[in-house]
Amino acid sequence: MTTGSAKVRVRFAPAPTGTLHVGGARTALFNYLYARKAGGTLVLRSEDTDTARSSADSETVIQDDLHWLGLDWDEGPDVGGPFAPYRQTDRRERYALAAARLLELEKAYPCYCTPQELDAERVAAEAKGLPPRYSGKCRTLTAAQRSDLERAGRKPALRFAMPDRDVYVEDLIRGSVHFPAGTIGDFVVVKSEGLPTYNLAAVVDDSEMAITHVIRGDEHLPNTPRQVVLYEALGLAQPLFAHVSMILAPDHQKLSKRHGATAVAEYREQGYLPGALLNYLALLGWSPGDDRETFSLAELVDAFSLERVAKSPAVFDHGKLRWFNAHYVRRLPDAERIALVAQWSAREPRIAALPEFNQPHWRALLDRTLTEHVHTLSELPKEAAAIFDDGFAIDPASADALDPPAARAMLDELAQIAESKLDMSAEWTAAVSRDALSALGARHGIKGRALFRPIRVALTGSEHGHELPLLMPLLGPSRCAARIRRVLAGKDRPPSD
RNA sequence: GCCCCCAUCGUCUAGAGGCCUAGGACACCGCCCUUUCACGGCGGCGACGGGGAUUCGAAUUCCCCUGGGGGUACCA
């Protein structure tokens, strides 16, 4: 943005055939970062030329996912812009113009082959050990033959006449990539239904939308020589290319549903924070060059550069994503975190039904008790439910904590204290503070582990759990009293409900 | 089969000829903190796929092999 060179214009161009996946999200992120860093423009373009699989619904779903992540764009099907329309099915005339030009230049020709014929050809070629490329047989059709086929009702596709020469793709991430002459067959640029294929549409749009940098997934690299040749045939200036490596599953296969969540929406539903996902994704295939690990979006914009994008594919590690999320949850502003913890805990109806659920003080306690123990927000209902399960059984390994007479006497007094203050007042909180509990123990001649272990076992059935000075105010006096009474009564035979 | 890409700890990565007895992060293990758990702090385990070549010197350059991935569609 400080140079006099052409303003950076990049685009994220998903096919609206489903939801936004993590790979697409990372591509979108890199485009976003590059645009923002350069003070350029990010274009969102809907590549919906596969009419069978595309849907308007998917288009909005993907936009929603991008918005949830906190990514925005400057031009697109929803916001418009100087190069509208931004949906490929709304741009048919432009592709038709390009196709007509190709035909006129005799750089493309109609192909009347049926899918079955092409299939048979491919099978035959493979049987002979030849590359399964299109033979180019329609290239030499005479005008008479064409009109015959035409009259027979055949709808032709338009094929590009691949020039017989080497093609070089200059890639910002990979360097110069060489595709030898003869390795690419005549490819279809316009389908028989009249819509362009990806390669033609992308070239026409990237050119007309003045895209300066095409940052996209690695899987498009083999398409790029076809696009390069199209740019040349149409006399159009090429953008710069940058192909980002794929995200792989732990088994090094293509990431798919069978490896767990792949859609951004699934992470949202599982209680991941957008900043955590973004941060994790940014570090897959890119690194700042120093030891920093956590970045806000603004910090990413500041640190990002294409030069630091890795060439090798990256394996998606759910465990590390979880760590990022836990990290982000703990660093949320208090008010925001408390609200989120309450919101997610309320998915457990018994928690939402608690009379104290709406008290701000109680919600803060719930937050402090649970936050350190979860990686994702979706773990909260279960965590919270566990705390409020009054019917717990005593862990046999810990039952001995209830044996000493001094412990029983101490618990009995604690129950009395609880019974005398049957509200959630500050008095109760004070009564179970660390100091107050120590004083209680002193009256019965016990302290430390001998004091806290029986309390914890009586209250939760286990000697492992949350902090007592948090847990007891959270449970409230009457619930604590009831638990202690129940355990004291059934001590010899641990309750089994 | 053919074309293309890639190759450092289990995983994400730093490393652009000597600074590398290869650094950081996640995971794992241990210790500390602590009534418990978690958080946090400290420490440990752990990698340059193989072979040639260039060089005084290679994780870093080149070649071959091997391995992995992608493409080979009238999907993008």
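Reminder, nothing fancy here: chain letters follow the sequence lines and each chain counts from 1. When reading the values below, keep in mind they use all heavy atoms of this one structure, side chains included, and skip hydrogens, waters and symmetry mates.
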When we call it a touch if two heavy atoms are under 4.0 Å apart, what does Arg308(A) touch: a base, just sugar-phosphate, or nothing? sugar-phosphate

May I ask you to check whether Gln227(A) and Asn199(A) show a side-chain donor-acceptor distance below 3.5 Å? yes

If every non-hydrogen atom of Leu278(A) is compared with every non-hydrogen atom of Leu300(A), which pair is closest and at what distance? O-CD1, 4.4 Å

Return the value, rounded to whole Å, for the distance between atom CG of Leu255(A) and atom C1' of rG69(B). 13 Å

With side-chain contact (heavy atoms from CB on, under 4.5 Å) as the test, pick out the partner of Val244(A) among Asn31(A), Leu221(A), Ile173(A), Asp218(A). Ile173(A)

Determine the interatomic distance between P on rC28(B) and the same-named atom on rC62(B); round to the nearest Å. 39 Å

First of Phe324(A) and Pro115(A) reached from the 5' end of RNA chain B, by closest nucleotide: Phe324(A)

What integer number of Å spans the C1' atoms of rC2(B) and rC45(B)? 44 Å

Residue whose nearest RNA chain B nucleotide is more 5′ - Gly465(A) or Glu293(A): Glu293(A)

From the set rC26(B), rU35(B), rG69(B), return the single nucleotide nearest to any side-chain atom of Arg434(A). rU35(B)

Among the nucleotides rA76(B), rC5(B), rC12(B), whichever has the atom closest to the side chain of Val315(A) is rC12(B)

Looking for any heavy atom pair under 4.0 Å, which part of the strands does Pro454(A) touch: base, sugar-phosphate only, or nothing? nothing

In whole angstroms, how far is the P atom of rC9(B) from the CG atom of Asp317(A)? 14 Å

Could you verify whether a donor N or O on one side chain and an acceptor N or O on the other, from Glu117(A) and Tyr112(A), lie under 3.5 Å apart? no

For Leu321(A) and rC12(B), what is the distance between atoms CG and P respectively, to the nearest whole Å? 14 Å

What's the closest nucleotide to the Tyr198(A) side chain, out of rA76(B), rC6(B), rC37(B)? rA76(B)

With rounding to the closest Å, how many angstrom separate the P atoms on rC26(B) and rC39(B)? 11 Å

Can you find a side chain N or O atom of Arg133(A) that sits less than 4.0 Å from OP1 or OP2 on rC2(B)? no

Any idea which of rC4(B), rU13(B), rG70(B) is nearest the Ser287(A) side chain? rU13(B)

NA contact type, Glu47(A), heavy-atom cut-off 4.0 Å: base, sugar-phosphate, or nothing? sugar-phosphate

If the cut-off is 4.0 Å, is Lys254(A) near the phosphate of rG71(B), judged by side-chain N/O to OP1 or OP2? yes

Phosphate-side-chain proximity, Ser245(A) and rG69(B), N/O vs OP1/OP2 below 4.0 Å: no

Sugar-phosphate, base or nothing in reach of Leu118(A), heavy atoms under 4.0 Å: base

Will you find, in the side chains of Asp395(A) and Ser462(A), an N or O donor that is under 3.5 Å from an N or O acceptor? no

When all nucleic acid strands are considered with a 4.0 Å heavy-atom cut-off, which category describes Arg322(A): base, sugar-phosphate, or nothing? nothing

Any Ser192(A) side-chain N or O less than 4.0 Å from OP1/OP2 of rC74(B): no

Short side-chain N/O contact from Arg453(A) to OP1 or OP2 of rC37(B), under 4.0 Å: no

Students often get this wrong, so: under 4.0 angstrom with heavy atoms, is Glu467(A) touching a base, only sugar-phosphate, or nothing? base

Starting at CZ of Arg226(A) and ending at C1' of rC4(B), how long is that distance when rounded to a whole Å? 11 Å

What's Gly285(A) touching, base or sugar-phosphate or nothing? Going by heavy atoms closer than 4.0 Å. sugar-phosphate

Would Arg226(A) and Phe160(A) count as a cation-pi pair here, with the cationic atom under 6.0 angstrom from the ring centre and within 45° of the axis? no

Side-chain contact check for Pro180(A): nearest option of rC3(B), rG69(B), rC39(B) is rC3(B)

Taking atom types as modelled and ignoring hydrogens, do the side chains of Thr371(A) and Asp367(A) form a donor-acceptor contact shorter than 3.5 angstrom? yes

Paired to rG17(B) by Watson-Crick or G-U wobble criteria (both distances under 3.5 Å) is none

Identify which nucleotide among rC74(B), rA76(B), rU11(B) has an atom closest to any side-chain atom of Val188(A), counting heavy atoms from C-beta outward. rC74(B)

Could you please name the option among rC39(B), rA76(B), rA25(B) that lies closest to any side-chain atom of Thr49(A)? rA76(B)

Do Thr183(A) and rC2(B) have a side chain to base donor-acceptor pair shorter than 3.5 Å? no

Could you tell me the Watson-Crick or G-U partner of rG40(B), where both distances fall under 3.5 Å? Say none if there is no partner. rC32(B)

Just to be sure I understand the geometry, which residues of residues 152-174 of chain A put a non-hydrogen atom under 4.0 Å away from RNA chain B? Ala157(A), Arg159(A), Arg174(A)

Verdict with supporting geometry, Phe187(A) and Tyr134(A), ring pair (Phe, Tyr, Trp, His ring centres under 6.0 Å): CA-CA 8 Å; Phe187(A) 56 94; Tyr134(A) 175 64; over 10 Å; no

Can you measure Asp218(A) atom CG to rG68(B) atom P for me and round it to whole angstrom units? 17 Å

Do Tyr109(A) and Asp186(A) have side-chain atoms, one donor and one acceptor, less than 3.5 Å apart? yes

Regarding Pro14(A), tell me which of base, sugar-phosphate or nothing describes its non-hydrogen contacts under 4.0 Å with the strands shown. nothing

Would you mind classifying the nucleic acid contact of His252(A) as base, sugar-phosphate or nothing, using non-hydrogen atoms under 4.0 angstrom? sugar-phosphate

Is the distance from OP1 or OP2 of rU13(B) to the nearest side-chain N or O of Lys320(A) less than 4.0 Å? no

Integer angstrom distance from the P of rG70(B) to that of rG30(B): 39 Å

So which nucleotide from rC4(B), rU35(B), rC39(B) ends up closest to the side chain of Phe179(A)? rC4(B)

For Ser378(A) and Gln270(A), which I'm curious about, is there any donor-acceptor pair between the side chains at under 3.5 Å? no

At under 4.0 Å between heavy atoms, what does Thr17(A) touch on the DNA or RNA strands: base, sugar-phosphate, or nothing? nothing

Check the distance between rC33(B)'s C1' and Glu372(A)'s CD and give it to me in whole angstrom. 14 Å

Taking the side chain of Arg449(A) as its heavy atoms from C-beta onward, which of rC75(B), rC39(B), rU35(B) lies nearest to it? rU35(B)

From rC37(B), rC39(B), rC12(B), pick the nucleotide closest to the side chain of Arg330(A)? rC39(B)

So, for Leu451(A) and Ser438(A), which heavy atoms are closest and what is the spacing to 0.1 Å? CD2-CA, 4.0 Å

Glu219(A) CD - rA73(B) P separation (whole Å): 17 Å

How is Asn223(A) classified with respect to the nucleic acid when contacts are heavy atoms under 4.0 Å: base, sugar-phosphate, or nothing? base

Hey, does His220(A) reach any base, or is it just sugar-phosphate, or nothing, if we go heavy atoms under 4.0 Å? base

Between Glu383(A) and His373(A), is any side-chain donor less than 3.5 angstrom from a side-chain acceptor? no

Using atom P in both nucleotides, what's the gap between rC12(B) and rC48(B) to the nearest angstrom? 16 Å

Rounded to whole Å, the CZ-C1' distance (Phe187(A) to rG71(B)) equals 14 Å

